Amino acid sequence: ATTLEWSRGISDDIDEVTERMKVLRDSISSTRDSMQDVTAGANETAENMQQQLLQTEEIMEQIHFQEQYFDSEIVM
C-alpha cells in the first residue's frame with residue numbers, strides 16, 4: 001500500500017469515528033431529554049399525591065366534625 005492509500009484509509013477511519021461520535025452524542029442528548037421528562041413526571045406525581053393527601057385530611061376533618069356534631073345532637 002502506498003502512503004496515499006494509507007492516508008485515505010486513515011481519513012476514512014476518522015470519518016467513520018466522527019460519524020459514530022455524532023450518533024453517540026445524539027443518543028446521549030435523547031437520553032438526557034428523556035430523563036428530564038421522567039424527572040418532571042415524577043415531580044408532578046409527587047405534587048399531585050401531596051395535594052390528594054391534603055384533600056383527604058380535610059375530608060377526614062369534616063367527617064370527624066360531623067360525627068362529633070351528630071353525637072352531641074343524639075345526646076341532647
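When a residue number appears, it is its place in the shown sequence, counting from 1. Hydrogens, waters and symmetry mates play no part in the numbers below; they use all other heavy atoms, side chains included. Computed from a prediction, not measured in an experiment: that's the story for all the values here.
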Roughly how far apart are [X] [atom1] and [Y] [atom2], rounded to 0.5 Å?
X: Q51; Y: T56; atom1: CD; atom2: OG1; result: 10.0 Å
X: R32; Y: M35; atom1: CZ; atom2: CE; result: 12.0 Å
X: M60; Y: L53; atom1: CE; atom2: CG; result: 11.5 Å
X: E58; Y: I63; atom1: CD; atom2: CD1; result: 12.0 Å
X: T31; Y: L24; atom1: OG1; atom2: CG; result: 9.0 Å
X: L54; Y: I59; atom1: CG; atom2: CD1; result: 11.0 Å

Under the 4.5 Å side-chain heavy-atom rule for ILVMFWY, direct or indirect, which residues accompany I10?
W6, I14

Does any part of the side chain of T39, heavy atoms only, come nearer than 4.5 Å to the side chain of Q36, both counted from C-beta?
no

Taking R25's backbone N and O only, do any of them form a donor-acceptor pair with S29's side chain (distance below 3.5 Å, no angle check)?
no

Flag, side chain of S27 to backbone of V23, donor-acceptor distance under 3.5 Å:
no

What pairs with E16 under salt bridge (charged side-chain N to carboxylate O under 4.0 Å, His left out), at least two apart in sequence or on another chain?
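By the salt bridge (charged side-chain N to carboxylate O under 4.0 Å, His left out) rule, E16 matches R20.
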
For atom CD of Q66, is the number of surrounding heavy atoms from other residues, nucleotides or ligands below 6.0 Å larger than 12?
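Counting neighbours around CD of Q66, more than 12 heavy atoms of other residues, nucleotides or ligands fall under 6.0 Å, so yes.
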
Is the count of non-hydrogen atoms from other residues, nucleotides or ligands lying under 6.0 Å from E57 atom CD greater than 12?
yes

So, using side-chain hydrogen bond (donor to acceptor under 3.5 Å, both in side chains) as the criterion, who are the partners of Q68 when residues are at least two apart?
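Per chain and number, Q68 pairs via side-chain hydrogen bond (donor to acceptor under 3.5 Å, both in side chains) with H64.
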
